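Computed from a prediction, not measured in an experiment: that's the story for all the values here.
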Amino acid sequence: MSRTVRCLLLMTALLILAGCGVKGKVKQMVGLGAPEPTGYTGTVYPATQTVTVAFQLTQVDRSCRVFAESLVQFPANSSGKDLETAVLTEAKARGANQVLLGQARQGKDDNGQRFLYYGPIYEYLCTDQCGGWKFGFEFWEQQGEWVSVGYKEWGKPGAVFEMPLVMQMLMLRCQ
């Protein structure tokens, strides 16, 4: 095979491989207005029966790997119980053992309940790389004021959020 043909094949292969990385970046760029729903494309695990909830990185075991990064939108007038039910139902269906919840903000738009998935491209150990909450930033920074969703609100039917919410969430698979 001639040197020119090998160069052309190599360049073609590099272009194809370069295109593979674009999908994740496109997902991260979603949200310069109302985001398009980003479907889950990560690792498929069998459904789980129980999922524990962590609000701080120190509550996550060293064996836990992040396999899904998501922003979750909730409609206005959702209760703490509605949030808990939606998150745990989705996490169980995806095979999570634990979820790590980040911050919550007032949603700019009331688009109903949606899970917007942003990755990761590869699973990673939470204790080594969690805490940056860098996914979906373009959408996240456009949201409103901070909202407390913690132990006092989580799972409580009487804790009602009159405004729509957007909450950060990581799904974890632990050994």
Side-chain angles (χ1 to χ4, degrees), residues 23-42 48 50-60 64-121 123-124 126-127 129-174:
K23 185 177 180 184
K25 290 294 182 192
V26 170
K27 282 186 178 184
Q28 291 175 355
M29 294 301 291
V30 168
L32 297 175
E36 291 298 317
T38 53
Y40 180 75
T41 59
T48 54
T50 58
V51 177
T52 59
V53 177
F55 290 94
Q56 298 174 17
L57 183 57
T58 57
Q59 298 171 313
V60 175
C64 297
R65 299 185 69 79
V66 175
F67 70 92
E69 300 168 330
S70 179
L71 294 178
V72 188
Q73 290 184 294
F74 295 100
N77 299 312
S78 293
S79 69
K81 183 65 176 171
D82 295 334
L83 275 60
E84 178 187 53
T85 299
V87 165
L88 295 182
T89 299
E90 181 77 0
K92 288 176 186 177
R94 300 280 176 223
N97 307 88
Q98 187 172 41
V99 293
L100 176 59
L101 300 177
Q103 300 290 325
R105 296 178 80 169
Q106 291 180 9
K108 185 176 178 181
D109 299 308
D110 196 344
N111 294 320
Q113 180 182 306
R114 298 194 302 176
F115 288 81
L116 305 171
Y117 288 98
Y118 291 91
I121 295 171
E123 292 185 13
Y124 57 89
C126 187
T127 54
Q129 298 177 29
C130 283
W133 303 101
K134 296 175 184 163
F135 58 90
F137 185 73
E138 294 83 5
F139 176 66
W140 178 254
E141 71 178 350
Q142 294 178 11
Q143 303 312 303
E145 297 296 318
W146 299 100
V147 177
S148 176
V149 178
Y151 294 112
K152 290 182 182 179
E153 298 81 18
W154 184 255
K156 308 289 190 299
V160 177
F161 302 93
E162 295 178 4
M163 75 296 291
L165 297 178
V166 177
M167 184 171 57
Q168 300 166 321
M169 179 182 74
L170 299 175
M171 288 190 202
L172 312 170
R173 186 73 178 194
C174 309

Please list every donor-acceptor pair under 3.5 Å in which a side-chain atom of residues 160-173 meets a protein atom from a residue at least two apart or in another chain.
residue, atom, partner, partner atom, Å
Gln168, OE1, Gln103, N, 2.8
Arg173, NH1, Gly95, O, 2.5

Of all pairs that satisfy salt bridge (Lys or Arg N to Asp or Glu O under 4.0 Å), the ones with a partner from [range], not counting sequence neighbours:
range: residues 91-101; value: Glu90-Arg94
range: residues 145-154; value: none
range: residues 73-88; value: Lys81-Glu84

Report yes if the side chains of [X] and [Y] come closer than 4.5 Å at any heavy-atom pair, otherwise no.
X: Pro75; Y: Gln113; answer: yes
X: Tyr118; Y: Phe139; answer: yes
X: Cys64; Y: Thr127; answer: no
X: Leu100; Y: Cys126; answer: yes

Tyr151/Phe55 aromatic ring centres below 6.0 Å: yes

Considering all heavy atoms, the nearest Ser79-Pro157 contact: CB-O, 3.4 Å

For Glu141 against Arg105, the heavy-atom pair lying closest together: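 Closest approach of Glu141 to Arg105, heavy atoms only: CA-NH1, 3.7 Å.
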
Listed partners of Tyr124 passing ring-ring contact (aromatic ring centres under 6.0 Å, His included), at least two apart: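 Here no residue qualifies.
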
Side chain to side chain contact (heavy atoms under 4.5 Å, CB included) assessment of Val53 paired with Leu88: CA-CA 9 Å; Val53 177; Leu88 295 182; 3.8 Å; yes

Gap separating the SG atom of Cys130 from the CZ atom of Arg65, nearest 0.5 angstrom: 11.0 Å

Donor-acceptor contact below 3.5 Å, side chain Thr48 vs main chain Ala96: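 The answer is yes, because a donor-acceptor pair under 3.5 Å joins these two groups.
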
Worked check of side chain to side chain contact (heavy atoms under 4.5 Å, CB included) between Val149 and Phe74: CA-CA 12 Å; Val149 178; Phe74 295 100; over 6 Å; no

Plane angle bin for Phe115 and Tyr117 - parallel if under 30°, tilted between 30 and 60°, otherwise perpendicular: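 Answer is parallel, since the angle falls under 30°.
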
Residue list, side-chain hydrogen bond (donor to acceptor under 3.5 Å, both in side chains) with Glu123, at least two apart or on another chain: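 So Glu123 forms a side-chain hydrogen bond (donor to acceptor under 3.5 Å, both in side chains) with Thr43, Tyr45.
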
